[in-house]
Each structure stands twice: as C-alpha cells, then as structure tokens.
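The chains referred to below are lettered A, B, ... by the order of the sequence lines, with proteins before strands, and numbering in each begins at 1.
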There are 2 protein chains.
Amino acid sequence: MLKLTKKADYGLMALKYLAEHPETPALSAKDIADAYGIPAQLLAKILQRLTKTGLLRSHAGMNGGYALSRDAREISAFEVIHSIDGPLFITSCTKGAKGCDLTPSCTIKEPLARVNETIAGVLKSISIYDLADRDPAKAAEAGSSIGQRLVTLTL
Amino acid sequence: MLKLTKKADYGLMALKYLAEHPETPALSAKDIADAYGIPAQLLAKILQRLTKTGLLRSHAGMNGGYALSRDAREISAFEVIHSIDGPLFITSCTKGAKGCDLTPSCTIKEPLARVNETIAGVLKSISIYDLADRDPAKAAEAGSSIGQRLVTLTL
DNA sequence: TGAATCTCCGACAGTTTTGGTCGTATACTA
DNA sequence: TAGTATACGACCAAAACTGTCGGAGATTCA
Ligand code: FES
Ligand code: FES
C-alpha cells in the first residue's frame, strides 16, 4: 500500500531525536524509546541495524548508547529506510533477487522503475536535518519557504 | 516497504492492456488475465473495483467486458492505485481514520506528509497512456526523450 | 573483582495484510 | 432459455509486520 513500515518510522524518529541532541555524546535505546513511547527492545534492534549499515555509532557499557556517525545533513531519509526495510522497490516483483514469474508478459515494469527511481530521489534529497525541529524563530523568519527541492521524472 | 500491492500492479497492467486495444468495444476479465497469465477471478475483482470508482465501464452478457471510461491520457496511475489499495500513504499512522496512538510525541509526521504529497504528485502526473506501449518507431523518432515531468518538493 | 548498564543477536509468537479461491446472484445476448 | 460475463461477499492460506524473550558480550565504576 505504498507505506513505509513502522520500523522505518521509528528509525527516522530516533535519528531525528539524535539530531536534535547533538550535545550529548550518546543516547541509549531506552532513552529514545521512552521519549517517544515506543517499544524499547524493538527500537534497540532498529538502531542496531542502523549501526551495522554505518549510519550510527554505538558504544556499549554505562553511559553508552548511539550517536550519529555523520552530520545530520549528510544522512538521507533514503539511507535510513533502505537500511531498515531493505532495498526499496515499487514494483511488486523485486528485480533484485529473482525476476518476477511473469516478467516476459509484463511490460509495465520499466516505466514503473522510473517512478521508483524518482521516489528514491525524493527520499534521497531529504536529510535527517530536514526532519529535525528547526527553531520556531527560524521558521518564522524564513516565512513558509523553508526549503524546496526539484525532482525530475523521465519516462 | 514502500511497494505497491500486486493488485495495484495487476490493475495497472489491465488498464494498460485496455489502452493498447482501443478498437475493441470491451474485453472480458478472462481475456486480460490470460494475456498476462494472472488469476482471472482476482483480476475480475480488481476490475470491478475500478468500475465502481468510475475508471472503467462494464458490460455484462455475451461479448461484454470492460472498457476505459475515459481516454487513457486522462487516467492517472494515482487514481488506479488509490482505487485499488485505498487511500494510500507513507506514514504508518494513517491520518484518515484515527491518528496514531503516539501522535503527540511524533513530530516526524508533518515533513513526511510533504514527501507523501510529492510522491502522490509523481503518480498523478503519470497516465495510463504513458505506460502503454508506444510504437517502436515513435520511440525511435523521438529519441530517448519521450517525456519529462517536473515535481517540486516543498519542505 | 564484580555489579550495573548497555549493546548485540537470533529465535519466536501474535497479529495484520495480501493473494487468491469459491459460490452464488445478477445482467445481458442470442 | 441457454450461455456468457459481471457483481459481490465469504473464506482461506501464505506472507509480512510488530513486538517479545533470553542469552552473550562490552564497558564503566566502585
Ligand atoms: S509484475 Fe513482475 S514483471 Fe511486472
Ligand atoms: S507514527 Fe503516528 S504520528 Fe508519527
């Protein structure tokens, strides 16, 4: 139904939270989970996956936790979603592993792949920083035009 | 996982097929299903839904079947997907019925809604006609630049 | 040393969503 | 009236998603 999983949602929330607390050296999974009221163990697993893909840096032991491995501006929503939900593909037949059974007959795939790319492009153009709360003052100062991105779809 | 359902896929295929056969007054669900090798009964249900939402016109009885209710250029992929998969979109908490349980804490929803809108825009800018096979000659003549759409994302 | 805190990781059950089937009622044509 | 085709709802099986548990390793601090 073209919606991202709750896990990816949680992951984005967590990264956003980390981006909003750059001063702290690390935040534990429980800290973040409590902040949003989401299952701690589940979030832990999500953060672990994000660590494995290099978006986060982890530190065990007391006062340990997770921290962004790069600047929030350098982490795209696409990377997060991709890390958690795996390769992102619109077409129900994931071309990755094995082609769809009815690949020969279906000629719809190619144009949809373009759409897919476009959506990926949109997601790639959004960084965690974009998601994080800006100063209300800043938002007011800039009026409504906080940011704009142009995406081209070639079909 | 951000992928559209097989049903929507089937629906798009079927419409594309209808768009490619404008001469025939109507095509039965079985005809189309056979052409692509997809379950006939399932496709029938899909076409019925598309009929109910006004994208198709149906006709029972012998030599009956389905036909596009408008020009293929006037039917967007968005409409098809929306008809089949229901009000779609990104955020795991469907704002439609009832807000998510943790709506207050989650500040990530608004920016994602913009992304959502952008994707919807992409889908809306694509018509069944765009999906249908063009004459190979035509494609060659026009070179690679068959069509381009611009989508703006405001965040 | 050892207790406390935290990450790491696989396995597992409960629920929801999908994909697909069946049976039947209805509409239209010849 | 027989044959074809849509309309619709109930139903089921398989897959995906969400969330939980239990244990194993790191790290810090007393
Ligand atoms: S559905 Fe698999 S190739 Fe189109
Ligand atoms: S997950 Fe429900 S409001 Fe964000």
Side-chain angles (χ1 to χ4, degrees), chain A residues 1-11 13-14 18 24-34 36-53 56-67 69 81 84-89 92-94 97 100-102, chain B residues 1-11 13-14 18 24-34 36-53 55-67 69 81 84-88 92-94 97 100-102:
Chain A
M1 213 190 289
L2 208 48
K3 71 167 193 273
L4 45 77
T5 63
K6 237 170 204 171
K7 289 182 192 175
D9 219 354
Y10 291 163
M13 284 195 260
L18 286 170
T24 60
L27 286 168
S28 79
K30 191 173 180 316
D31 288 340
I32 305 175
D34 286 352
Y36 289 116
I38 60 185
Q41 303 210 70
L42 181 54
L43 181 63
K45 255 199 325 201
I46 295 170
L47 296 179
Q48 281 158 29
R49 228 183 297 186
L50 290 175
T51 302
K52 210 158 57 177
T53 57
L56 291 180
R57 216 177 304 250
S58 67
H59 189 60
M62 287 182 65
N63 293 322
Y66 300 88
S69 70
I81 296 173
I84 298 175
D85 285 344
L88 152 64
F89 279 119
S92 47
C93 43
T94 54
C100 173
D101 8 332
L102 41 93
Chain B
M1 216 189 288
L2 209 46
K3 72 167 195 275
L4 43 79
T5 63
K6 238 170 203 169
K7 289 181 190 174
D9 217 354
Y10 291 163
M13 285 196 260
L18 286 170
T24 61
L27 286 168
S28 79
K30 191 175 181 313
D31 289 338
I32 305 175
D34 287 353
Y36 289 115
I38 60 185
Q41 302 211 71
L42 180 54
L43 181 63
K45 252 195 334 195
I46 295 170
L47 296 179
Q48 282 159 28
R49 227 181 299 184
L50 290 175
T51 302
K52 210 158 59 177
T53 56
L55 270 58
L56 291 180
R57 216 177 305 252
S58 67
H59 189 60
M62 287 182 64
N63 294 322
Y66 300 89
S69 69
I81 296 173
I84 298 175
D85 286 345
L88 63 130
S92 47
C93 41
T94 54
C100 173
D101 8 332
L102 41 94

### Message
Going by side-chain hydrogen bond (donor to acceptor under 3.5 Å, both in side chains), name the residues that satisfy it together with B:Thr53, two or more places apart in sequence or in a different chain.
### Response
B:Ser83

### Message
Under the rule for side-chain hydrogen bond (donor to acceptor under 3.5 Å, both in side chains), what residues qualify as partners of A:Ser28, not counting sequence neighbours?
### Response
A:Asp31

Distance below 4.0 Å between [X] side-chain N/O and [N] OP1 or OP2:
X: A:Thr51; N: C:dT7; value: no
X: B:Ser28; N: D:dT4; value: no
X: B:Tyr10; N: C:dG19; value: no

### Query
Considering residues at least two apart in sequence or located in another chain, which fulfil the salt bridge (charged side-chain N to carboxylate O under 4.0 Å, His left out) criterion with A:Lys30?
A:Asp34

### Query
B:Ser58 side chain to B:Tyr66 main-chain N or O, any donor-acceptor pair under 3.5 Å?
no

### Query
Across the strands shown, which category fits B:Lys7 at heavy-atom distances under 4.0 angstrom: base, sugar-phosphate, nothing?
base

### 5′-ward residue of the pair A:Gly65/A:Lys45 relative to DNA chain C
A:Gly65

### Task
Tell me, please, which residues at least two apart from B:Lys7 pass side chain to side chain contact (heavy atoms under 4.5 Å, CB included).
B:Thr5, B:Leu42, B:Ile46, B:Arg49, B:Ile84

### Message
Can you list everything that forms a side chain to side chain contact (heavy atoms under 4.5 Å, CB included) with B:Thr24? Sequence neighbours excluded, please.
### Response
B:His21, B:Leu27

### Message
Please encode protein proximity along nucleotides 23-30 of chain C as a string of B, S and -, counting only heavy-atom distances under 4.0 Å.
### Response
----BBB-

### Task
Identify which nucleotide among C:dC8, D:dT20, D:dA10 has an atom closest to any side-chain atom of A:Tyr66, counting heavy atoms from C-beta outward.
C:dC8

